[in-house]
Asks: 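The following block contains the structure, expressed as structure tokens.
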Amino acid sequence: MPSVHLIIKGKVQGVYYRASARDVALGLSVTGWIKNTMQGHVEAFVTGPQDALQQFTDWCRQGPAGAAVTDIVIESMPEIAFPDFAIRRG
């Protein structure tokens with residue numbers, strides 16, 4: 001399965017972005033992780049079927065209510081298997 005590394009920029013911290021993204025990921029059955037960065041962005045690494053990754057990425061472009069995404073950097077990565085989708089700290 002393909003994997004993607006995402007950097008989501010804009011007003012994405014303090015708006016429940018990570019928790020909402022986890023809910024979306026669980027609904028799409030993708031695995032990986034998401035975390036806040038020191039630069040004020042959100043970073044994610046996600047693995048799953050191509051159509052599910054596309055749906056997750058499309059959601060990330062908008063995020064939850066209260067978010068204001070200004071840019072998203074998407075990088076295709078070699079597959080890494082994860083047991084679930086986790087919110088990481090730091």
Asks: With heavy-atom distances below 4.5 Å as the criterion, would you say the side chains of Val24 and Arg22 are in contact?
Replies: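 Result no, sub-4.5 Å side-chain heavy-atom pair not found.
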Asks: Does any non-hydrogen side-chain atom of Thr31 lie less than 4.5 Å from one of Val46?
Replies: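 Counting from C-beta outward, Val46 and Thr31 never come under 4.5 Å.
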Asks: Using side chain to side chain donor-acceptor pair (under 3.5 Å) as the criterion, point out the one residue from Gln62, Gln55, Gln54 that pairs with Asp58.
Replies: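 One option only clears the test, and that one is Gln54.
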Asks: Indicate, with yes or no, if Ile87 and Val12 share a hydrophobic cluster defined by side-chain heavy-atom contacts under 4.5 Å among Ile, Leu, Val, Met, Phe, Trp and Tyr.
Replies: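 Yes, it is one cluster - the side chains of Val12 and Ile87 are joined through contacts under 4.5 Å.
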Asks: Side chain to side chain contact (heavy atoms under 4.5 Å, CB included) with Pro2: which of Gln50, Glu79, Met77?
Replies: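 For Pro2, the side chain to side chain contact (heavy atoms under 4.5 Å, CB included) test succeeds with only one of Gln50, Glu79, Met77, which is Gln50.
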Asks: Side chains of Gln13 and His41: any donor to acceptor distance under 3.5 Å?
Replies: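 No pair is found: no donor N or O on one side chain lies under 3.5 Å from an acceptor on the other.
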Asks: Do the non-hydrogen side-chain atoms of Phe82 and Ser3 ever get within less than 4.5 Å of each other?
Replies: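 Answer no - side chains too far apart.
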Asks: Which pair of non-hydrogen atoms, one from Val73 and one from Asp71, has the smallest distance, and what is that distance?
Replies: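 Scanning both residues, the minimum pair turns out to be CG2-OD2, 4.1 Å.
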Asks: Using side-chain heavy atoms (C-beta onward) and a distance below 4.5 Å, is Val4 in contact with Phe56?
Replies: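 The answer is no; the side chains never approach within 4.5 Å.
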Asks: Are the side chains of Ile72 and Ile74 in touch, meaning some heavy atoms are under 4.5 Å apart?
Replies: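 Yes - at least one pair of side-chain heavy atoms lies under 4.5 Å apart.
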Asks: Taking the side chain as every heavy atom from C-beta outward, state whether Asn36 and Arg18 have any pair of such atoms under 4.5 Å apart.
Replies: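 With C-beta onward as the side chain, the pair touches.
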Asks: Would you say Phe85 and Ile34 make side-chain contact, with heavy atoms under 4.5 Å?
Replies: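 Yes, at least one pair of side-chain atoms sits under 4.5 Å.
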Asks: Within this structure, what is the CG-CG distance for the pair Leu53 and Leu28, rounded to the nearest 0.5 Å?
Replies: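 Answer for the CG-CG pair, Leu53 versus Leu28, is 9.0 Å.
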Asks: Linking I/L/V/M/F/W/Y whenever their side-chain heavy atoms sit closer than 4.5 Å, directly or via other members, would Val69 and Ile7 fall into one cluster?
Replies: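 Shared cluster, no.
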Asks: In terms of relative ring orientation, are Trp33 and Phe45 parallel, tilted or perpendicular, with 30° and 60° separating the classes?
Replies: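 Judged by the thresholds at 30° and 60°, the geometry between Trp33 and Phe45 is parallel.
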Asks: For the residue pair Gly63 and Tyr17, what are the closest heavy atoms and their distance?
Replies: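 Taking every non-hydrogen atom into account, CA-CE1, 3.5 Å.
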Asks: At their closest point, which heavy atom of Leu6 faces which heavy atom of Cys60, and how far apart are they?
Replies: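 For Leu6 and Cys60, the tightest heavy-atom pair comes out as CD1-SG, 4.0 Å.
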Asks: Are Thr37 and Val42 close enough that some pair of their side-chain heavy atoms sits under 4.5 Å apart?
Replies: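 Thr37 vs Val42: side chains apart.
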Asks: Which distance, rounded to the nearest 0.5 Å, do you find between the OG1 of Thr47 and the NE2 of His5?
Replies: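 Those atoms lie 11.5 Å apart.
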